[in-house]
Amino acid sequence: MDIKNDMGIKKASDDKAEAYRNFPMVPRVVFGKGSFNQLGDILLPKRKHSDAPFIFLVDDVFEGELLQERIPLIFSDQIIFISADEEPKTTQVDALVKNIREGFSELPSGIVGIGGGTLLDLAKAVAIMLGNKGGAADYQGWDLVQKPAIYHVGIPTISGTGAEVSRTTVLLGPDKKLGINSDFTTFDQVILDPNLTQGVSKEQWFYTGMDCYIHCIESLEGTYLNAFSQSYGEKALELCKEVFLSELSSEDSRDKLMMASWHGGMSIAYSQVGAAHALSYGLGYVLGVKHGIGNCLVFKHLSEFYPKGVALFNEMLTKHAIELPKQVCSTLSETDFDIMISVAMGMHPLWENALGKNWRATITPEKLRSIYEKI
Ligand code: NAD
Ligand code: ZN
């Protein structure tokens with residue numbers, strides 16, 4: 001059977017060679033404190049000519065900050081500041097692409113995304129849509145992108161999502177929240193400079209960091225697990241434990257969380273996420289709850305599926321004195337609950353990864369309702 005997971009991998013349920021996806025990886029990566037300073041040199045050979053600018057999509061938290069001055073602008077390069085308050089939308093991608101097409105006589109030399117998962121996903125999607133016709137919503141799904149994206153670079157400023165390594169860009173479309181999963185989505189270049197994550201608030205550090213921790217647990221406890229995913233997942237989990245449960249210097253902690261994010265992303269790339277992500281998608285779709293915090297809100301109630309993982313998560317919450325919001329679902333209508341449950345139930349590969357082929361025996365609308373009601 002052709003079961004595809006979130007990243008477009010056919011589940012390797014048998015030993016037929018064609019069942020395994022040829023997964024694209026980021027071909028070039030720089031890691032190191034201050035490596036952001038190399039950006040200008042890295043972009044130089046990729047500049048087509050002076051009328052083909054680089055467009056920098058930058059989290060607006062950096063507007064007027066030192067980082068803005070360090071962006072190596074030349075010729076007609078442009079910075080576009082974007083708020084990460086809301087998760088990226090297909091309409092937002094289409095508007096950005098339209099402005100870029102209308103604003104310049106030539107296609108840009110490339111797109112550089114600077115920020116968290118929100119900005120990284122926007123940069124990937126804009127780069128894809130500058131190489132393809134139509135609107136971003138046309139490409140939500142698996143392997144629908146026909147032509148290469150333009151050159152695109154990802155520079156994370158917060159660690160955890162793994163968006164810097166993944167072959168997807170998660171977008172809220174007119175009728176679904178779904179990734180553009182394609183071989184052209186993956187960044188051409190990533191710059192991992194742990195110093196860029198210095199300004200992140202403690203809560204946000206925890207929520208986005210827990211996205212990585214939850215990737216590890218869902219991958220390692222999943223039925224899709226294989227040696228490829230396990231090797232990355234175990235390393236990422238070890239790093240998460242060091243970061244969130246031991247006493248590291250803040251410098252070490254930044255370095256390690258950045259690499260945990262990378263490894264966690266690699267782990268799920270070749271397996272799948274699980275129950276927390278399925279439920280979090282429902283929460284995000286109806287309430288606009290963001291990915292990291294949404295995962296935390298649901299994960300707390302999943303000890304039935306991930307007993308050890310949830311116990312450790314609770315330890316981390318206590319150690320860092322993180323208070324999760326309460327009664328998030330208390331004002332929802334029946335219709336809201338129904339939509340949320342149907343979005344979560346629809347994540348078949350995630351449930352199959354979490355619980356095996358017979359997942360429908362455990363996961364019923366009533367079961368999901370009872371979990372959501374606790375949040
Ligand atoms: P984010 O990009 O949503 O940012 C969270 C907050 O942190 C924002 O307020 C932002 O302004 C702030 N911030 C970021 N860097 C900062 C810094 N250095 N200093 C101060 N503030 C900073 O955070 P995220 O959790 O990394 O990303 C979530 C998004 O990632 C969601 O849209 C989710 O769908 C997406 N995602 C994508 C993938 C993928 O594989 N493509 C995987 C997981 C999540
Ligand atoms: Zn995630």
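What you see below is based on every heavy atom in this structure, not just the backbone, and it leaves out hydrogens, waters and symmetry mates. Whatever order the structure lists ligands and atoms in, that order sets their numbers, starting from 1.
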Practice prompt. To the nearest 10 degrees, calculate the angle at the Zn ion (ligand 2) involving NE2 of H215 and NE2 of H291.
Written response: 170°
Worksheet item: Taking heavy atoms and a distance under 4.0 Å, where does D59 meet ligand 1: side chain, backbone, both or neither?
Response: side chain
Worksheet item: So, the side chain of T197 versus the backbone of I158: is there a donor-acceptor pair under 3.5 Å, distance only?
Response: no
Worksheet item: Counting only heavy atoms, which portion of F62 has something under 4.0 Å from ligand 1: side chain, backbone, both, or neither?
Response: side chain
Worksheet entry | Ring geometry between F299 and Y213 (parallel below 30°, tilted from 30 to 60°, perpendicular above 60°) | perpendicular
Fill in: ring pair (Phe, Tyr, Trp, His ring centres under 6.0 Å) between Y232 and F228, worked out
CA-CA 7 Å; Y232 285 105; F228 185 103; 5.2 Å; yes
Worksheet item: Which class fits the ring pair W205 and H320: parallel under 30°, tilted 30 to 60°, perpendicular over 60°?
Response: perpendicular
Discussion item. Nearest non-hydrogen contact with atom 15 (N) of ligand 1 belongs to which option: T157, V165, L67?
Written reply: T157
Worksheet item: If you group Ile, Leu, Val, Met, Phe, Trp and Tyr by side-chain heavy-atom gaps below 4.5 Å, do V61 and M258 land in one group?
Response: no
Discussion item. Using a 4.0 Å cutoff against the non-hydrogen atoms of G116, which atoms of ligand 1 qualify?
Written reply: 2 (O), 26 (O)
Fill in: Heteroatom proximity flag, T161 to ligand 1, N/O under 3.5 Å
no
Response to the item:
Min over H291, H215, Q204 of heavy-atom distance to atom 5 (C) of ligand 1 lands on Q204
Item to complete: With atom 31 (C) of ligand 1 as the reference point, say which of K177, E86, E87 has the nearest heavy atom.
Response: E87
Fill in: Subset of ligand 1 atoms that lie under 4.0 Å from at least one heavy atom of G199
19 (N), 20 (C)
Worksheet item: Can you say whether the rings of Y281 and H291 are parallel (under 30°), tilted (30 to 60°) or perpendicular (over 60°)?
Response: perpendicular
Worksheet item: Relative to the heavy atoms of V200, which atoms of ligand 1 are at a distance of less than 4.0 Å?
Response: 16 (C), 17 (C), 18 (N), 19 (N), 20 (C)
Discussion item. Salt bridge or not between R369 and E334? Use side-chain N to carboxylate O under 4.0 Å.
Written reply: yes
Fill in: ILVMFWY cluster, V58 and F104 together (side-chain gap under 4.5 Å)
no
Item to complete: Mark yes or no for whether T169, through its side chain, and I180, through its backbone, hold a donor-acceptor pair below 3.5 Å.
Response: no
Discussion item. Using a 4.0 Å cut-off to any heavy atom of S166, which atoms of ligand 1 qualify?
Written reply: 39 (C), 40 (O), 41 (N)
Practice prompt. Mark yes or no for whether E242, through its side chain, and L248, through its backbone, hold a donor-acceptor pair below 3.5 Å.
Written response: no
Worksheet item: For the Zn ion (ligand 2), what is the closest N, O or S atom on H277?
Response: NE2
Practice prompt. Decide whether an N or O pair under 3.5 Å exists between T208 and ligand 1.
Written response: yes
Practice prompt. Tell me which part of D211 gets within contact of ligand 1: side chain, backbone, both or neither, using heavy atoms under 4.0 Å.
Written response: side chain
Worksheet entry | Cationic N near anionic O, under 4.0 Å, D211 to K290 | no
Worksheet entry | ligand 1 N/O within reach of L119 N/O, cut-off under 3.5 Å | no
Practice prompt. Select one of side chain, backbone, both or neither to describe which atoms of K290 lie under 4.0 Å from any atom of ligand 1, heavy atoms only.
Written response: side chain
Fill in: Under 3.5 Å: N/O of T169 near N/O of ligand 1
no
Worksheet item: Should the pair H152 and F187 be assigned to parallel (<30°), tilted (30 to 60°) or perpendicular (>60°) ring geometry?
Response: tilted
Worksheet item: Backbone or side chain, does any N or O of T118 fall under 3.5 Å from an N or O of ligand 1?
Response: yes
Worksheet item: Where the side chain of E65 meets the backbone of F62, is there a donor-acceptor pair that is under 3.5 Å apart?
Response: no
Practice prompt. Please name the atom of D211, restricted to N, O or S, that is closest to the Zn ion (ligand 2).
Written response: OD1
Worksheet entry | Numbering as shown, the atoms of ligand 1 that approach L196 to under 4.0 Å (heavy-atom distance) | 18 (N)
Fill in: ligand 1-proximal atoms of P88, by part, heavy-atom distance under 4.0 Å
side chain
Discussion item. I want to know if ligand 1 touches D121 in the polar sense, i.e. an N/O pair below 3.5 angstrom.
Written reply: yes
Practice prompt. Give me the ring orientation class for F313 and F206: parallel if the planes are under 30° apart, tilted from 30 to 60°, perpendicular past 60°.
Written response: tilted
Practice prompt. Mark up the atoms of ligand 1 that fall under 4.0 Å of a heavy atom belonging to G117, in ascending order.
Written response: 2 (O), 23 (O), 24 (P), 26 (O), 27 (O), 29 (C), 30 (O)
Worksheet item: Does any N/O atom on I158 come nearer than 3.5 Å to any N/O atom on ligand 1?
Response: no
